[in-house]
Student: 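Provided herewith is a single structure, encoded as structure tokens, for subsequent inquiry.
Letters A, B, ... are given to chains in the order of the sequence lines, protein chains preceding strands, and every chain is numbered from 1.
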There are 2 protein chains.
Amino acid sequence: MTVTLADVAARAGVSAATVSRVLNSNYPVAEATRDRVLRAVAELEYVANGPASALAAATSDLVGILVNDVADPFFGILASAVQSEMSGDSTSGGEKLAVVCNTGGSPERELTYLTLLHRQRAGAVVLTGGATEDPAHTAALAARVARLSAAGTQVVLCGRPPLAVGVPTGDGGSAEGPAGASSASGADTGPAPLTVAFDNRGGARSLTEHLVALGHRRIGCVAGPEGLTTTRHRLEGHRAALAAHGIEDVPGRTVHGAYDRASGYAAAHELLRQDEDLTAVVAANDTVALGVCAALREHGLRVPEDVSVAGFDDLPFSTDAVPALTTVRLPLTEAGARAGRLAMGREPAPADGVVLLSSELVIRKSTAPPYS
Amino acid sequence: MTVTLADVAARAGVSAATVSRVLNSNYPVAEATRDRVLRAVAELEYVANGPASALAAATSDLVGILVNDVADPFFGILASAVQSEMSGDSTSGGEKLAVVCNTGGSPERELTYLTLLHRQRAGAVVLTGGATEDPAHTAALAARVARLSAAGTQVVLCGRPPLAVGVPTGDGGSAEGPAGASSASGADTGPAPLTVAFDNRGGARSLTEHLVALGHRRIGCVAGPEGLTTTRHRLEGHRAALAAHGIEDVPGRTVHGAYDRASGYAAAHELLRQDEDLTAVVAANDTVALGVCAALREHGLRVPEDVSVAGFDDLPFSTDAVPALTTVRLPLTEAGARAGRLAMGREPAPADGVVLLSSELVIRKSTAPPYS
DNA sequence: CTGTTAGCGCTTTCAG
DNA sequence: CTGAAAGCGCTAACAG
């Protein structure tokens, strides 16, 4: 049936052990023998059995990348960067199978994938995007991550805050109830989770401050879904800017919604219904901003003459929008690349395990001084 | 160290076989026993060893999705659809690890991933996006796919034409040279590769015909990268429309480039240099069309008053562009879903193994009759 | 319904 | 430098 190591060994006239050694090049083998083996491998079109190697070696060449939504360029860019850094880029022959898993923003699927990856004994896992803040989920996630770490898997969080550590068993409140008889205490805590975070708070703050500096006072805010770290941080930054300038944070001026265009569209309508005289709107991200612009246009409002609109992330299409979007640029590619390198141990981890990437305000055409 | 099946068996007071049976629920087990086992699993926080199962059962729960560029929404949408259909959607407990692999458009990486997936004994693999037409690569790809099929992996091509079959060993020309002593002849050819293809040719043709019907005669064409099936098909459709209406296909009016914005931007400048009087431009896809629009605007040309522009794919942002893009809608989500179902054997395969999905012309604001 | 018995294909000491 | 042998953790016949 399918060609095995033994077949190759037989054809090359050596032992299986030798074939294994040349294939993994982790042990000295005579030049001549190596050639013979390699030839046999080619002739037989041998393809190693990954599961078998993984089982025997207790480690696999699989590394995972979790994203909230593959169809969203934000994650696509991040994933692409992480991935190209993880795939053994022809440097060390260590071919890694870097795979991206789509959670669709569902906390359950996130946990499921983590388990699946753990099952496969993945060498590393990077979790991208904002984290759900529900306590039960946070606890479950921390537990999964701890187990992964204990199993030797390097976990890297990218685009979300560091995980609260030291969450041992026996916590109250959690729905599940893993009982006592667990493994030994302490000891094997594997590699500590690392983090590459964005300065969402600072970015949002400077964005709103830009608007305030322009003269805006009645600023609407289309925030992301509630219960997501990213949403909270951006909102906090926005509010901090408002507070710093003595502008009242009117509740009705903030609306929550998904990170997509439809949500921006609906939110803008809602915002306008609450307060017809808004002079500016900060959106949860660029995609949402596009939806906001569309809704505004339908109301006969011009951007930025009548209402200024700002996005967040600076995705590629933002520059093509009409008018080009004022936004906050997040170093997505750098973040992904560093997360990938950290995961592969190709970059020294910072002492506190956290890399904070700064954001940059990008002023384009969608914001201007208020008309009236 | 890590908890194994045996540990669970011991704790539950049963044999390993029984634990395996309740975990895989593929064999009758007494209710009481099952509960006992499940409890032990929970208490011990047991996570099965995937590689070990895969080795013993000779199949893994890994399924792969190859895409040219995760950061491109076209692939993101496709991948997302395929993936949600592949992940055991809570129906049958069969949790699959659906992973997407980013080839970055590189033929070599495509082959590498195929090998890696084969190594992992993936249960299914879907290859998305246009295929490279280089003969050497096509042969290598066909060989890899044949080997995957022989290994029992269901291969599905999505968004690319069916693979030419019957490519046995001993072909001339190929760079590599797998020698004789291969396996037995014929016999175990596993599941035949399936295909879900788009009607790129027809879509492109109707798009150009729309332009011709509007009165355009000097139509520029920004085609995708050469040597890609998708590029060739769309170009053929465009030319067929031209020919059908007796319009000369001036060579200088077609420019090739990548499927990205920058390429559209550069191509439009190039096109304008060749022929200042172009009245319309059909772009390789929507993203490219955006680049074309930007370049046109820089030239002081209005869309669609001075020059009409059309895209392809109908990605989400096309409707938000100003003006909204006339384009050809490809049923991306349906294609991905069907490919996923086909891969999982959840949908009967058509007799000839090919599902052809039709495209639909979407007329919006970026095309209009020529000015002069 | 449940336990026993063999491996799955590879890596890895441990001796040559 | 190379071979022999002992599993890695799980599944899959077979017997009970």
Side-chain angles (χ1 to χ4, degrees), chain A residues 1-38 40-41 44-62 94-95 116 118-123 151-152, chain B residues 1-38 40-41 44-62 93-95 116 118-121 123 151-152:
Chain A
M1 257 282 290
T2 124
V3 185
T4 75
L5 231 212
D7 298 328
V8 177
R11 186 164 233 267
V14 298
S15 74
T18 300
V19 177
S20 169
R21 293 200 263 253
V22 345
L23 257 24
N24 296 297
S25 45
N26 56 1
Y27 211 79
V29 173
E31 190 66 27
T33 319
R34 141 178 275 95
D35 288 348
R36 211 134 35 83
V37 171
L38 257 19
V41 167
L44 263 26
E45 299 190 326
Y46 171 67
V47 175
N49 182 312
S53 320
L55 173 57
T59 91
S60 96
D61 54 1
L62 191 79
E95 262 328 344
L116 251 19
H118 183 180
R119 223 208 261 320
Q120 302 300 326
R121 300 300 185 260
Chain B
M1 257 281 290
T2 124
V3 185
T4 75
L5 231 211
D7 298 327
V8 176
R11 187 165 233 270
V14 298
S15 74
T18 300
V19 178
S20 170
R21 294 200 263 254
V22 344
L23 258 25
N24 296 297
S25 45
N26 55 1
Y27 213 79
V29 173
E31 190 66 27
T33 320
R34 140 176 275 96
D35 289 348
R36 208 133 38 81
V37 171
L38 258 17
V41 167
L44 263 25
E45 300 190 327
Y46 170 68
V47 175
N49 182 312
S53 320
L55 175 57
T59 90
S60 97
D61 54 2
L62 191 81
E95 263 326 345
L116 252 20
H118 183 179
R119 225 207 260 322
Q120 302 301 326
R121 300 300 187 259

Student: Do any side-chain nitrogens or oxygens of A/Ser15 fall under 4.0 Å of OP1 or OP2 in D/dA4?
Tutor: no
Student: Measuring from the side chain of A/Thr4 (C-beta onward, heavy atoms only), which nucleotide among C/dT11, D/dG9, C/dC10 has the closest atom?
Tutor: C/dC10
Student: From the options D/dT11, C/dT2, C/dT11, select the nucleotide whose nearest atom is closest to the side chain of B/Thr33.
Tutor: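 Of all the options, the side chain of B/Thr33 is nearest to C/dT2.
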Student: Measure from the side-chain N and O atoms of B/Ser25 to the backbone N and O of B/Arg21, and report whether any donor-acceptor pair falls under 3.5 Å.
Tutor: no
Student: Using the closest heavy atom to pick a nucleotide of DNA chain C for each, name whichever of B/Ala52 or B/Tyr27 lands nearer the 5' end.
Tutor: B/Tyr27
Student: So A/Val37 and A/Arg34, do their side chains get closer than 4.5 Å, heavy atoms only?
Tutor: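 They are not in side-chain contact.
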Student: So which nucleotide from C/dT11, D/dG3, C/dT2 ends up closest to the side chain of A/Ala56?
Tutor: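 Selected nucleotide: C/dT11.
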Student: Among B/Val3, B/Val8, B/Asp7, whose side chain to side chain contact (heavy atoms under 4.5 Å, CB included) with B/Val41 holds?
Tutor: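 Result for side chain to side chain contact (heavy atoms under 4.5 Å, CB included) with B/Val41: B/Val8.
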Student: Under 3.5 Å, side chain of A/Asp35 to main-chain N/O of A/Ala32, donor-acceptor pair present?
Tutor: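 No; zero donor-acceptor contacts below 3.5 Å.
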Student: Rounding to a whole Å, what distance do you find between A/Arg21:CZ and C/dT12:C1'?
Tutor: 8 Å
Student: Using a 4.0 Å heavy-atom cut-off across all strands, classify A/Val19 as base, sugar-phosphate, or nothing.
Tutor: nothing
Student: In whole angstroms, how far is the P atom of D/dG9 from the CZ atom of A/Arg119?
Tutor: 16 Å
Student: Would you kindly give the CG-to-P distance between A/Leu55 and D/dA6, to the nearest whole Å?
Tutor: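 One finds 18 Å between P of D/dA6 and CG of A/Leu55, rounded.
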Student: Would you please confirm or rule out a distance under 4.0 Å between OP1 or OP2 of C/dC10 and any side-chain N or O of A/Ser53?
Tutor: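 Answer no for this pair, as no side-chain N or O of A/Ser53 is under 4.0 Å from OP1 or OP2.
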Student: Does the side chain of B/Thr18 get closer than 4.0 angstrom to OP1 or OP2 of C/dG3 through an N or O atom?
Tutor: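 Answer yes for this pair, as a side-chain N or O of B/Thr18 is under 4.0 Å from OP1 or OP2.
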Student: Rounded to whole Å, please give me the gap between CG in A/Asn49 and C1' in C/dC10.
Tutor: 8 Å
Student: Answer yes or no: is there a side-chain heavy-atom contact under 4.5 Å between A/Val22 and A/Leu38?
Tutor: yes
Student: Is A/Asn24 close enough to C/dT11 that one of its side-chain N or O atoms is under 4.0 Å from OP1 or OP2 there?
Tutor: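 Yes, A/Asn24 has a side-chain N/O under 4.0 Å of OP1/OP2 on C/dT11.
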Student: Just how far, in rounded Å, is P of D/dC10 from CD of A/Gln120?
Tutor: 13 Å
Student: Measure the distance from CG on A/Leu23 to C1' on C/dT12 and round it to the nearest whole Å.
Tutor: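 Spelled out: CG on A/Leu23 to C1' on C/dT12 is 15 Å.
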Student: I want to verify a distance call: between D/dG9, C/dT11, D/dA12, whose nearest atom is closest to the B/Tyr46 side chain?
Tutor: D/dG9
Student: Under 3.5 Å, is there a donor-acceptor pair between the side chain of B/Arg36 and the main chain of B/Ala12?
Tutor: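 Indeed, once roles are kept as given, a pair shorter than 3.5 Å links the two residues.
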Student: Counting side-chain heavy atoms from CB outward, which of D/dC10, C/dG3, D/dG3 is closest to B/Leu5?
Tutor: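 The listed nucleotide nearest to B/Leu5's side chain is D/dC10.
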Student: Nearest-nucleotide wise, let me know which of B/Ala17 and B/Arg121 is further upstream toward the 5' end of DNA chain C.
Tutor: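 Upstream on the strand: B/Ala17.
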Student: For the side chain of A/Asn26, starting at C-beta, report the closest nucleotide among C/dT12, C/dG3, C/dC10.
Tutor: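 Of all the options, the side chain of A/Asn26 is nearest to C/dT12.
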Student: Of the nucleotides C/dT11, D/dT2, C/dG9, which has the atom closest to the A/Ala16 side chain?
Tutor: C/dT11
Student: Nearest to the A/Ala30 side chain among C/dC1, C/dT2, D/dC1, which nucleotide is it?
Tutor: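 Closest nucleotide to the A/Ala30 side chain: D/dC1.
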Student: Rounded off to whole Å, could you give me the CG-to-C1' distance for the A/Asp7 and C/dC8 pair?
Tutor: 14 Å
